[in-house]
Amino acid sequence: MMLFIACQSEPEQSSTAAQDTLTGEQYRPLYHFTPPEQWMNDPNGMVYYDGEYHLFYQHYPDSNVWGPMHWGHAVSEDLVNWQHLPIALYPDSLGTIFSGSAVADLENTSELGSADSPPLIAIFTYHDAEGEKAGRNDFQTQGIAFSTDRGRTWEKYEGNPVVENPGIKDFRDPKVFWYEPDQKWVMIFAAADRIRLYNSPDLKNWEFTSEFGENSGGHGGVWECPDLFPLMVNGEEKWVMLLSINPGGPNGGSATQYFVGNFDGETFTNDNPEETTLWIDHGKDNYAGVSWSDVPESDGRRLFMGWMSNWQYADTVPTYNWRSAMTVARKLELTDMPEGIRLISLPVEELHQLRTDSYNLEPRGISSDLSLTEFTEWQTPAKEVVLEFVIPEGTEGLDFGVVLSNSLGEEVRIGYNQAQQEYYFDRTKAGKMDFSDDFAGRFPAPRIAGSDTIKMHLYIDVASAELFADEGKTVMTNIFFPNENFQQLGLYAEGGEVQLISGTLYNLSPATVAME
């Protein structure tokens with residue numbers, strides 16, 4: 001049986017109209033970032049400068065499927081509300097503009113700005129499509145561009161490319177950061193099935209220093225979009241390397257793995273056994289995520305955002321004026337677990353500004369023979385759900401969680417299976433699924449925390465749900481496309497009784513999106 005907290009939709013709205021009421025477009029998220037129109041994939045060039053978070057992204061402005069890549073551009077003061085800006089980088093004679101990063105060159109080491117007006121530097125991969133068609137292996141190189149007007153206009157460096165290709169077919173996605181101990185820049189990027197590291201004094205002249213990954217982690221597909229940054233744990237600095245892989249994800253298709261270890265300015269060493277594969281997100285739909293550069297020390301967070309899709313079906317999902325969304329912004333931290341040091345992800349606190357009314361659930365037992373319905377005004381498909389359960393002693397086969405459903409019998413279940421000791425996301429009845437054979441399914445994620453208390457924190461939007469379980473130790477991101485809005489939010493339990501300790505539901509208001 002289900003414990004429902006349900007609300008009624010407007011009686012005279014059609015199912016499609018209900019979905020389109022707030023955004024004007026079916027499935028357009030209410031608070032996740034989307035492009036104004038056409039195609040979007042990887043987040044790029046994420047940098048904080050002069051009070052703004054810059055988000056660039058892979059963008060094809062002429063179609064809703066992948067094509068010649070540009071860098072789309074938006075800025076935010078709070079990681080929630082966004083202003084769209086004109087396209088920042090266009091293809092040129094050296095190629096289209098693949099993924100990369102951006103930094104604030106505050107000391108003007110590049111001499112592309114001035115002491116009074118230090119430049120923002122974008123570092124990206126040039127992709128020479130003609131070279132690829134000709135069968136060459138050196139068709140990807142690294143280039144830079146600079147801006148001295150807060151990222152509003154960009155000029156490409158006349159000395160591009162700054163890193164030539166030694167003959168590696170997949171040679172892309174540079175992430176650059178300042179390494180304070182040696183007063184130098186470090187570039188990490190993907191090279192086939194491993195990563196390469198380079199050093200530079202000025203962002204223009206680069207020297208190869210090391211490789212990592214030939215025998216480490218997952219190798220089910222091409223490596224892409226690396227990142228490398230320090231985090232503190234137990235008073236010690238450790239370095240985290242993110243590395244996206246396609247295919248080879250834990251539930252099929254594309255996903256992002258990570259490594260924890262040490263870095264001396266030239267070489268990264270992995271603390272875990274080479275065969276260990278760790279995932280930042282076990283859902284189907286979090287790929288190519290990287291962190292923001294230059295977040296102020298007074299803030300201190302390592303902030304992350306990913307592309308909320310999967311290459312198995314990204315270009316066939318049933319949206320048409322626009323394609324793809326980003327995850328919510330997340331804070332990354334390290335925690336010490338019995339298995340070793342692990343990365344956790346938490347939604348940023350800035351999302352709290354979207355909360356409107358809330359509803360508290362009283363503690364109670366939930367079992368197969370309990371049905372209780374509570375009503376609260378369903379203002380929006382966007383919800384935040386915070387729940388805490390206890391599994392009673394002596395119970396072995398509990399299966400419980402959250403169900404989203406509608407009047408058409410469509411549903412998504414986000415739950416925990418006690419016997420398997422795993423969270424899962426079941427979208428086998430989620431609505432539209434015929435666009436891909438890889439979309440429907442029940443997707444599991446191992447539970448890392450070992451206590452009897454199960455904590456589920458969910459961010460739900462029109463066509464997605466993000467689970468941050470056990471304070472971010474297990475994370476799952478998945479999209480879905482119901483034929484009618486999910487207008488019922490329920491709790492279910494099978495195989496016994498689980499105790500709900502506490503629960504809070506929030507309606508979320510739409511984020512603000514502005515055009516320049």
Side-chain angles (χ1 to χ4, degrees), residues 16 19-20 22-46 55-74 82 84-91 96-99 127 173 224-225 244 246-247 249 252-256 281 283-290 305-329 381-382 427 430-440 461-466 477-483 485 510-511 513 515:
T16 300
Q19 288 178 314
D20 292 352
L22 293 174
T23 66
E25 297 174 83
Q26 192 177 31
Y27 305 129
R28 175 80 78 167
L30 298 183
Y31 60 93
H32 288 82
F33 180 86
T34 53
E37 59 183 4
Q38 306 295 20
W39 173 266
M40 176 183 77
N41 56 291
D42 307 358
N44 296 153
M46 293 153 63
L55 171 63
F56 302 87
Y57 52 90
Q58 291 285 274
H59 180 47
Y60 184 34
D62 298 324
S63 176
N64 65 2
V65 297
W66 189 92
M69 286 292 98
H70 302 53
W71 272 25
H73 190 194
W82 294 91
H84 291 293
L85 297 176
I87 291 172
L89 297 176
Y90 287 80
T96 58
I97 313 298
F98 272 23
S99 294
H127 180 87
D173 309 338
E224 297 184 303
C225 302
S244 290
N246 176 50
S254 44
T256 300
D281 191 312
K284 290 279 284 188
D285 300 305
N286 182 359
Y287 189 63
V290 289
M305 181 177 281
W307 175 46
M308 200 159 59
S309 196
N310 190 308
W311 279 117
Q312 289 182 326
Y313 43 73
D315 58 354
T316 61
V317 296
T319 65
Y320 305 102
N321 294 333
W322 55 278
R323 276 225 168 95
S324 301
M326 298 300 183
T327 68
V328 296
R427 61 184 186 194
K432 294 179 182 177
M433 293 177 287
D434 59 358
F435 54 86
S436 171
D437 293 337
D438 296 307
F439 192 79
D461 208 332
V462 175
S464 66
E466 294 165 87
T477 302
N478 290 279
I479 58 177
F480 42 77
F481 301 97
N483 287 291
N485 267 355
V513 180
M515 302 296 293

Task: Set of side chain to side chain contact (heavy atoms under 4.5 Å, CB included) partners for Ala465, sequence neighbours left out - done: Ile414, Phe425, Ile460, Phe480
Task: Pairwise distance CZ(Phe481) to CZ(Phe439) - rounded to 0.5 angstrom - done: 5.5 Å
- [ ] Quick one: closest heavy-atom pair of Pro318 and Tyr27, and the distance?
- [x] O-CD1, 3.6 Å
- [ ] With the side chain counted from C-beta on, respond yes when Val462 and Pro29 share a heavy-atom pair under 4.5 Å apart, and no when they do not.
- [x] no
Open item on the list: Angle between ring planes, Trp71 versus Phe56, binned at 30° and 60°: parallel, tilted or perpendicular?
Closed with: tilted
Open item on the list: Are Ser324 and Asn41 packed together at the side-chain level, in the sense that at least one heavy-atom pair is separated by less than 4.5 angstrom?
Closed with: no
- [ ] Without swapping roles, check the side chain of Glu37 against the backbone of Trp322 for a donor-acceptor pair under 3.5 Å.
- [x] no
Open item on the list: For a quick test of reading the model, state the closest non-hydrogen atom pair linking Ser309 to Tyr287 and the distance between them.
Closed with: O-CB, 4.0 Å
Open item on the list: As an exercise, state the distance from CZ of Phe435 to CD of Gln312, rounded to the nearest 0.5 Å.
Closed with: 11.0 Å
Open item on the list: Tell me if a side-chain donor or acceptor on Glu466 pairs with a main-chain N or O of Val328 at a distance below 3.5 Å.
Closed with: yes
Open item on the list: I want to check something: taking the side chain as every heavy atom from C-beta on, are Gln38 and Asp62 in contact at a cut-off of under 4.5 Å?
Closed with: no
TODO: Keeping the roles fixed (side chain from Ser254, backbone from Asn246), state whether a donor-acceptor pair exists under 3.5 Å.
DONE: no
Open item on the list: How long is the straight-line distance from NE2 of His73 back to CH2 of Trp82, given to the nearest 0.5 Å?
Closed with: 9.0 Å
TODO: Begin from the C-alpha positions of His127 and Met69 and carry the test side-chain contact (heavy atoms from CB on, under 4.5 Å) through to its verdict.
DONE: CA-CA 9 Å; His127 180 87; Met69 286 292 98; over 6 Å; no
Task: Partner residues of Val513 under the side chain to side chain contact (heavy atoms under 4.5 Å, CB included) criterion, sequence neighbours left out - done: His84
Task: Closest contact, heavy atoms only, Met40 versus Thr34 - done: CE-CA, 4.4 Å
- [ ] Report yes or no: does Asn478 contribute a side-chain atom to a donor-acceptor pair with the main-chain N or O of Gly283 at less than 3.5 Å?
- [x] no
Task: Interatomic distance, Trp311 atom CH2 to Ser244 atom OG [nearest 0.5 angstrom] - done: 12.0 Å
Open item on the list: Under a 3.5 Å cutoff, is there a donor and acceptor pairing between the side chains of Thr327 and Asn286?
Closed with: no
TODO: Would you please name every residue forming a side chain to side chain contact (heavy atoms under 4.5 Å, CB included) with Ser99, sequence neighbours left out?
DONE: Asp42, Asn44, Gln58, Asp173, Cys225
- [ ] Compare every heavy atom of Arg427 with every heavy atom of Met433, then report the nearest pair and how far apart it is.
- [x] SD-O, 3.1 Å
Open item on the list: Whether the side chain of Asn310 engages the backbone of Lys284 through a donor-acceptor N/O pair (distance < 3.5 Å, no angle test) should be reported.
Closed with: yes
TODO: Over all heavy atoms of both residues, which pair between His70 and Ile87 is shortest? Give the atoms and the distance, please.
DONE: CB-CG2, 4.0 Å
Open item on the list: Gln26 vs Thr319, test: side-chain contact (heavy atoms from CB on, under 4.5 Å). Steps then yes/no.
Closed with: CA-CA 7 Å; Gln26 192 177 31; Thr319 65; over 6 Å; no
Task: Check: Trp39 ring centre within less than 6.0 Å of Tyr60 ring centre - done: no
Open item on the list: To check you understand the geometry: which heavy-atom pair defines the closest contact between Ile97 and Pro91, and what is its length?
Closed with: CG1-N, 3.9 Å
